[in-house]
Amino acid sequence: QQASEMSKIKKATLLIPTPKTYVKQVLNNLISTNWKPYVTTGYFFHSLLEYVLDHCAPLAFWLKVNLKMQQSIAKRIQKKNERLQKQHLS
């Protein structure tokens with residue numbers, strides 16, 4: 001993700017760069033890829049996060065974390081749709 005009006009993220013962080021910073025690093029990485037040939041996250045701190053995820057816990061753990069995150073997102077979307085539907089019916 002990038003900090004932008006479209007993403008509704010107002011402030012850039014190490015893991016969420018501005019669009020300008022992200023594009024600059026992606027273009028630089030296209031020229032010189034990381035230790036994985038032809039594969040790049042495009043952004044240094046995303047690469048660092050990928051390394052940590054690959055080396056600091058078993059895959060099953062990260063899959064469980066990701067599943068819970070996806071379920072949380074789906075639940076929020078469902079609540080929002082229900083709220084919008086109630087407003088539409090009113």
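This is a predicted model, so every value here is computed, not measured.
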(request) Decide if atom CD of Q87 counts as having more than 12 heavy atoms of other residues, nucleotides or ligands within a radius under 6.0 Å. (result) yes
Once you round to the nearest 0.5 Å, how far does [atom1] of [X] lie from [atom2] of [Y]?
{"X": "Y22", "Y": "L27", "atom1": "OH", "atom2": "CG", "result": "10.5 Å"}
{"X": "I77", "Y": "L84", "atom1": "CD1", "atom2": "CG", "result": "11.5 Å"}
{"X": "K24", "Y": "T18", "atom1": "NZ", "atom2": "OG1", "result": "10.0 Å"}
{"X": "E82", "Y": "Q78", "atom1": "CD", "atom2": "CD", "result": "5.0 Å"}

(request) Check side chain to side chain contact (heavy atoms under 4.5 Å, CB included) between F45 and all other residues, then give those that pass, not counting sequence neighbours. (result) L14, L15, Y43, L48
(message) L67: which residues meet the side chain to side chain contact (heavy atoms under 4.5 Å, CB included) condition with it, sequence neighbours left out?
(response) Q71
(request) For residues H46 and E50, determine if any side-chain heavy atom of one lies less than 4.5 Å from a side-chain heavy atom of the other. (result) no
